[in-house]
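Presented below is the structure to which this report refers.
Convention: sequence-line order gives letters A, B, ...; per-chain numbering from 1. The structure displayed is predicted, hence computed values, not measured ones.
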Amino acid sequence: MGATLIEKIIRRNVHDDSVKAGDIVFVKPDRVMIHDIFIPFVADKFHEMGFKKVWDTDKVVIIYDHMVPASQVDDTRHFRRGDEFAKEQGIEHIHRADGICHQLMPELRYATPGDIVFGTDSHTVTYGGVGAFSTGIGYTEMAGILGTGELWIKVPETIRININGKLRDGVTSKDIILRIIGDLTAAGATYKAMEFAGDTVKEMSVASRLTMANMTIEAGAKCGLFYPDEKTAEFSGVPLDEEHGCFTDDNDGDYAMVLDYKAEDFVPVAACPSQVDKIRPVSELKDIVIDQVFIGSCTNGRLEDLRAAAEILKGKKVAPYVKLIVTPASRSVYLDAVHEGIMKIFNEAGAIIMNPGCGLCCGRSGGILTDGETVVATNNRNFLGRMGTSKVNIYLASPVTAAKSAVAGKITA
Amino acid sequence: MATFTGKVFVLGDDIDTDIIIPTEYLALKTIDDMRQYGFYPLRPELPSLISKGDIIVAGNNFGCGSSREQAPEVIKALGVSCVIAKSFARIFYRNSINNGLLLIENSDIQDVVKEGDELTVIPGQEIRYKGVSYKIGSLPDNLMDILNDGGLVNAMKKRNGLI
């Protein structure tokens with residue numbers, strides 16, 4: 001019997017080929033990421049624990065994204081504390097206004113195939129899209145890693161998901177992952193790794209894989225992994241071999257569960273208020289009138305997402321009473337979208353274009369809603385109160401569905 | 001860890017971290033500033049009702065969502081002695097142990113327990129409610145060590161010779 005991808009990644013890290021699901025091991029992270037919301041707490045706990053120096057400054061990345069630009073009094077305290085800590089420790093990888101942490105980590109090659117990465121954010125699972133084992137932890141554990149350079153991990157069991165065939169027009173990787181979360185439920189993969197394979201997955205861009213990996217946490221997963229291929233190797237700038245963490249598929253790992261999907265069976269879907277696993281086909285929601293559309297986030301704020309939305313919006317106007325908010329995931333995504341003329345299309349359609357960052361997704365700024373209002377959003381969570389009051393209706397969908405809905409003024413596939 | 005008794009508050013499935021402490025309050029300076037907003041989107045009255053030693057009983061996937069450690073910290077600051085749930089989300093689980101908040105997995109108590117009643121916990125052994133015992137498991141050794149140290153900060157202080 002072969003190994004699962006998570007077993008291969010952890011075995012490489014701990015130099016022990018006998019490691020298997022269920023074992024508790026201490027791993028040495030290749031990289032860690034701390035964002036603006038938690039940096040003051042990490043710094044405080046680090047000192048409180050009695051540590052003086054970070055174990056390896058090159059392995060630490062600090063990214064400001066949730067609070068950029070500051071929207072509430074005292075937000076800037078987080079930037080000050082982060083800057084102080086970076087200076088005190090000599091940490092040079094710090095991004096103050098370059099975009100969302102989960103876009104920047106793979107984009108800037110801080111997270112590459114085979115790496116083990118921990119971040120102070122649940123959507124750290126995103127880097128599974130390039131074949132890295134990455135997952136979220138709290139700030140106390142992060143402070144512990146900064147001091148010790150290690151963390152205990154229980155090697156998770158794996159749910160294998162095979163997807164084969166050709167997707168229908170207008171169906172995206174967002175529709176796939178939403179459907180899978182609906183099938184598994186919001187707790188269906190708790191403590192487990194999800195591993196994606198099949199020819200549909202091979203056909204996908206790295207960006208589409210990052211979208212799916214990003215949302216595996218919404219099924220409770222510890223990580224969501226894709227086997228690296230030529231596209232990954234090019235994206236991450238590494239040779240395509242096991243020595244560089246690009247592991248191949250044994251096809252016969254010891255899986256806790258195997259799910260098989262046909263690509264042709266996927267249709268545009270949405271997660272309905274207020275649970276990520278309350279999945280319905282968009283065609284069943286088509287008369288729902290909306291107030292706002294949000295295109296952005298670490299789930300769907302990449303160039304291909306903006307491109308797909310712009311293709312629909314080209315030459316059209318957003319419905320008069322709808323606010324369309326577009327938030328590119330990073331500075332380079334923004335720049336590429338400008339060069340491609342995508343931002344011009346958004347602007348002419350009447351969209352509100354925001355700075356790269358988390359924006360509305362974390363509910364602190366940039367389009368907060370109130371009781372009874374409805375938003376179609378491309379991000380990953382529709383929890384109560386996520387984008388304003390607890391009586392806001394949040395529908396999570398693909399950038400294609402979001403753009404079509406913005407034009408129609410109601411949910412549209 | 002000694003036996004304890006507390007008054008029960010009952011919550012449902014998928015109680016997420018945005019419910020436990022919404023993002024908009026995460027920039028408040030201290031956990032004490034945040035505790036009044038605990039469970040705000042779902043049950044804003046809870047912080048004023050919960051007293052020291054009380055127990056939360058919930059369904060599946062308690063603590064799902066973000067990695068915010070303020071979630072277990074706010075629950076602890078409200079005085080809650082432990083959370084009993086059918087299952088816990090993994091980041092919340094780690095964060096709770098690291099902050100010295102006891103979590104207990106049990107799937108039987110939810111069907112019978114009523115809010116406001118008293119319940120007794122014998123850690124690592126059983127829950128007692130209205131004269132009936134419900135078996136509970138114990139934690140792996142490495143986690144029990146952290147919990148017994150009073151959380152990860154103290155465990156690290158010990159490692160660094162500060163206590």
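- When heavy atoms are compared at a cutoff of 4.5 Å, A:Thr190 approaches chain B solely by way of its side chain, counted from C-beta outward.
- Contact count versus chain A (heavy atoms, under 4.5 Å) is highest, among B:Ile163, B:Asn142, B:Asp13, for B:Asn142.
- Per-residue heavy-atom pair counts under 4.5 Å with chain A were compared for B:Asp14, B:Asp18, B:Asn95, B:Ile19, and the maximum is reached by B:Asp18.
- Residues B:Arg68 and A:Thr120 are not in side-chain contact: their nearest non-hydrogen atoms beyond the backbone lie 4.5 Å or more apart.
- Of all the listed residues (B:Met156, B:Glu24, B:Arg94), the one sharing the greatest number of non-hydrogen pairs under 4.5 Å with chain A is B:Arg94.
- For a residue to count as touching a neighbouring chain, one of its non-hydrogen atoms must lie under 4.5 Å from one of that chain's; by this rule A:Thr148 touches chain B with backbone and side chain alike.
- Distance check: A:His66 NE2 to B:Ser66 OG gives 8.0 Å after rounding to the nearest 0.5 Å.
- The environment of NZ in B:Lys158 is sparse: at most 12 heavy-atom neighbours from other residues, nucleotides or ligands sit within 6.0 Å.
- You'll find the side chain of A:Trp152 reaches within 4.5 Å of the side chain of B:Leu143, heavy atoms only.
- Put simply, the side chain of A:Asp74 never gets that close to the backbone of B:Leu28: no donor and acceptor are under 3.5 Å apart.
- Remark: B:Ser96 engages no residue in a side chain to side chain donor-acceptor pair (under 3.5 Å) (not counting sequence neighbours).
- Here CG of B:Leu152 is found 9.0 Å from NZ of A:Lys45. Values are rounded to the nearest 0.5 Å.
- In this structure, the side chains of B:Pro140 and A:Lys154 stay at 4.5 Å or more apart for every pair of heavy atoms.
- For the set A:His123, A:Lys391, A:Arg364, A:Met67, the count of heavy-atom pairs under 4.5 angstrom toward chain B peaks at A:Arg364.
- If you measure heavy-atom distances from B:Tyr40 to chain A, you find no contacts under 4.5 Å at all.
- Interface remark: A:Leu384 contributes backbone and side-chain atoms alike to the contact with chain B (heavy atom separation under 4.5 Å).
- If you take OH on B:Tyr25 and CD on A:Gln72, they are separated by 9.5 Å, rounding to the nearest 0.5 Å.
- Under a cut-off of 6.0 angstrom, the local environment of CG in B:Asp141 is sparse, with at most 12 non-hydrogen atoms contributed by other residues, nucleotides or ligands.
- Residue A:Ile368 does not touch chain B at all, counting heavy-atom pairs closer than 4.5 Å.
- For the set B:Gly161, B:Ala27, B:Gly65, the entry with the most heavy-atom pairs within less than 4.5 Å of chain A is B:Gly65.
- With hydrogens and angles disregarded, no donor-acceptor distance shorter than 3.5 Å links the side chain of B:Asp16 to the backbone of A:Phe383.
- The line from CZ of B:Arg159 to CZ of A:Phe51 is 5.5 Å long, rounded to the nearest 0.5 Å.
- By the 4.5 Å heavy-atom criterion applied to side chains, A:Tyr139 and B:Ser67 are not counted as neighbours.
- Counting only heavy atoms from C-beta outward, the side chains of B:Lys29 and A:Arg77 approach each other to under 4.5 Å.
- Heavy-atom distances place both the backbone and the side chain of A:Ser122 under 4.5 Å from chain B.
- When heavy atoms are compared at a cutoff of 4.5 Å, A:Glu48 approaches chain B by way of both its backbone and its side chain.
- Both the backbone and the side chain of A:Arg386 have a heavy atom closer than 4.5 Å to some heavy atom of chain B.
- Proximity to chain B is limited to the side chain of A:Phe41, based on heavy atoms less than 4.5 angstrom apart.
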**Q.** Derivation and outcome, side chain to side chain donor-acceptor pair (under 3.5 Å), residues B:Arg90 and A:Thr135
**A.** CA-CA 10 Å; B:Arg90 62 160 289 275; A:Thr135 198; 2.8 Å; yes
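- Looking at B:Ile97, there are no atoms closer than 4.5 Å to chain A (heavy atoms on both sides), in backbone or side chain.
- Residues satisfying the side chain to side chain donor-acceptor pair (under 3.5 Å) criterion with A:Asn382, sequence neighbours excluded, are absent altogether.
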